[in-house]
Protein chains: 2
Amino acid sequence: MTGSRRPTLSDVAHEVGVSAKTVSRVLNDDGPTSARTREKVMEAVNRLGFQPNLMARNMRRGSPDSTIGLVVPDMGNPFFGTVAGGIEDAVRERGLTLLMGSSAEDPAQERALIETFLSRRVSALVVVPSVGAHHAYLGGVSSGPPVVFLDRPGSGLATDRVVSSNRSGAQEGTAHLLAAGHRRIGFIGDLPAGLYTRRERLAGYRAALADAGVPYDRNLVASGHDQGASAAATEGLLDLAEPPTALLAGNNFTAMGAVTALARRRRKDIALVAFDDLPLAEILEPPLTVIAQDPAALGAAAARTVLARLDGDRTRPRAEVVPTRLVPRGSGELPPR
Amino acid sequence: MTGSRRPTLSDVAHEVGVSAKTVSRVLNDDGPTSARTREKVMEAVNRLGFQPNLMARNMRRGSPDSTIGLVVPDMGNPFFGTVAGGIEDAVRERGLTLLMGSSAEDPAQERALIETFLSRRVSALVVVPSVGAHHAYLGGVSSGPPVVFLDRPGSGLATDRVVSSNRSGAQEGTAHLLAAGHRRIGFIGDLPAGLYTRRERLAGYRAALADAGVPYDRNLVASGHDQGASAAATEGLLDLAEPPTALLAGNNFTAMGAVTALARRRRKDIALVAFDDLPLAEILEPPLTVIAQDPAALGAAAARTVLARLDGDRTRPRAEVVPTRLVPRGSGELPPR
DNA sequence: TTGAAAGCGCTAACAA
DNA sequence: TTGTTAGCGCTTTCAA
């Protein structure tokens with residue numbers, strides 16, 4: 001397995017007794033070759049376990065690598081996994097392979113990963129930008145592959161982007177709680193506070209409050225990035241002197257935290273609407289009302305944009321919004337006590 | 001952004017008025033260079049937006065690409081996302097980048113992805129083999145990168161592997177149900193039936209039954225791959241003439257299906273133990289008892305093995321088993337009615 | 001139907 | 001401290 005040098009085209013050619021170019025022709029179906037030659041070449045290829053060196057091929061051809069680089073902040077979040085699946089399904093038939101790496105929500109790691117992808121000459125880049133990252137360097141004098149920002153707009157680079165309808169979705173979810181009669185509605189948002197999705201969803205929440213003439217109370221805004229911190233933040237809201245009677249959870253992890261906190265406190269009377277769906281939402285008690293995102297559609301939209309750019313689309317940057325959908329299941333319809 | 005040719009080393013060299021080799025020296029910190037030269041070179045690099053072509057560098061150096069290829073059957077499954085995070089954390093400081101792609105549990109796609117990685121000369125390959133895939137081709141005459149199988153052993157290739165303690169874990173979980181007094185215990189397994197983890201866990205289940213002198217009844221074995229199918233399969237078990245009083249769910253998705261089915265039927269009297277933990281396990285009613293896996297540890301173990309091989313370890317293939325842990329939370333302690 | 005020569009962008013080896 | 005030459009493995013171009 002690990003041992004002698006990997007075989008090259010010339011090794012195969014030498015083995016068969018032809019020139020390297022002939023082997024190349026056989027492998028790439030490029031130009032005429034006799035059946036006899038083809039047979040012998042293929043036999044030698046298999047016998048030697050020859051694997052063409054794509055780096056050499058791409059270099060000579062001057063063509064980009066047939067891969068698309070995807071940068072996400074967290075591979076363990078099924079939201080991004082589903083996004084990746086949506087991209088992959090859409091680009092596979094074009095012969096493109098999706099390569100995914102994680103930035104761990106760190107601008108430095110994000111940049112390192114992007115440069116890794118650029119140095120490997122990927123055909124396109126899909127990036128979920130980390131908070132605090134700047135992308136001006138991507139738009140330098142140099143010609144690079146098309147870049148699409150996903151889930152969040154990038155900073156310092158005017159290029160295509162695909163996001164969910166964060167603001168109107170959150171507004172709709174909050175309005176749903178207001179319609180049930182709630183006036184004190186808590187918001188549990190992701191961290192850091194500068195996160196685009198958090199800001200947009202918080203803005204939607206505030207817009208709904210304003211529409212209903214309910215004053216915004218910043219004491220009702222809590223934060224957490226993972227499930228544990230979000231649960232603690234939720235308990236903090238419940239412990240207020242004037243606690244909320246309803247909650248809007250800002251994403252899937254904060255939703256799990258809120259659900260956990262309410263369960264620990266046995267507070268089935270607190271209404272809850274979550275941004276982003278959860279696999280077990282239906283069977284929670286009460287069943288969880290959500291503003292569902294469509295991560296596979298986000299991925300597919302990004303892929304379509306990428307393919308259009310690769311096909312020569314030179315129009316100005318697109319900003320696509322994938323709609324969210326309110327799914328009432330019960331937890332958002334509870335009245336205030 | 002997309003336009004003129006990407007700048008090369010020579011472009012930079014020409015711009016500064018030095019040779020390509022000097023620019024190379026500056027960029028790679030290889031050999032002496034004057035401060036003045038370094039300055040001018042870096043300035044030109046930034047101005048032109050030069051990105052070194054890693055394909056060319058790797059080719060010339062004859063070194064493999066500083067990436068590790070990871071092949072998983074499903075990017076949307078957080079289990080594999082967490083595994084990937086475990087690998088990444090362990091290899092990052094060695095300067096290796098993790099590239100993940102999906103086989104969609106299809107041997108043909110798996111092979112295509114592996115060949116893609118091999119053609120790009122990755123430093124190592126970590127593979128979660130699809131059912132029905134054979135890997136003899138990886139062990140050919142040729143020298144290739146180290147390969148580690150993860151979560152499941154590969155077929156046709158004797159190489160390193162890292163798996164969970166599937167059999168003993170399932171045995172322990174089943175024994176837990178038997179200890180609570182259950183004698184009719186259903187098993188809901190992943191599909192296809194040939195899947196290694198399913199077979200191992202089923203074997204553990206059967207071993208526990210045998211230890212307790214309880215006859216194995218194949219009518220109590222049901223199957224599903226996703227949450228919906230697993231829920232339907234669970235309902236099928238509940239509709240038997242002699243239904244089970246307890247269930248063992250074979251993985252995270254079947255667990256969510258079983259939980260869903262029991263909730264729909266309002267059967268809080270049915271005991272349940274699930275293989276693999278769930279984020280909301282604690283707050284289900286009753287709280288879900290699980291045989292927890294440690295996906296990050298699986299990834300870390302695979303990474304350690306990879307690094308050892310890259311460091312020249314030529315000993316015979318390792319078979320590492322990452323232990324599972326029974327976490328009693330309530331659902332497995334319910335007595336039979 | 002096949003081969004020879006050149007060169008993609010970079011770095012090793014040597015020379016200056 | 002810097003430059004020149006050659007060559008990594010492949011494909012393009014041209015010739016046979």
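In the text below, chain A, chain B and the rest are named by the order of the sequence lines, each starting its count at 1.
C:dT2 atom C1' lies 14 Å from atom CZ of A:Arg38, rounded to whole Å. Nucleotide C:dC10 holds its P atom 14 Å from the CE atom of A:Met55, rounded to whole Å. Atom CE in B:Met59 sits about 13 Å away from atom P in C:dA12, given to the nearest Å. One atom, CG of B:Asn58, and another, P of D:dG9, lie 13 Å apart when rounded to the nearest Å. The CZ-P distance, from B:Arg25 to C:dC14, rounds to 14 Å in whole Å.
Counted by atom type alone, A:Arg6 and A:Asn53 present zero donor-acceptor pairs between their side chains at under 3.5 Å. No hydrogens or angles considered: a donor-acceptor pair under 3.5 Å links the side chains of B:Thr22 and B:Ser19.
Remark: A:Ser24 is in phosphate contact with D:dT11, judged by side-chain N or O atoms under 4.0 Å from OP1 or OP2. Proximity of B:Thr8 to the phosphate of C:dG9: no side-chain N or O atom is located under 4.0 Å from OP1 or OP2. Residue A:Ser10 places none of its side-chain N or O atoms closer than 4.0 Å to OP1 or OP2 of D:dG9.
As judged by a 4.0 angstrom heavy-atom cut-off over every strand, A:Asn28 is placed among residues touching the sugar-phosphate backbone only.
Residue-to-nucleotide proximity on DNA chain D shows that, of B:Arg60 and A:Arg60, the 5′-proximal contact is made by B:Arg60. Residue order along DNA chain D, read from the 5' end via each residue's closest nucleotide, puts B:Ser19 first among A:Ala56 and B:Ser19.
Closest to the side chain of A:Leu9, out of D:dT2, C:dA12, D:dT11, is D:dT11.
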Query raised in the report: Given A:Val126 and A:Leu98, is the side chain to side chain contact (heavy atoms under 4.5 Å, CB included) satisfied, shown in steps?
Result: CA-CA 10 Å; A:Val126 179; A:Leu98 183 71; 5.9 Å; no
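Between A:Asp29 and A:Arg38 there is no salt bridge, since no side-chain nitrogen of the basic residue lies less than 4.0 Å from a carboxylate oxygen of the acidic one.
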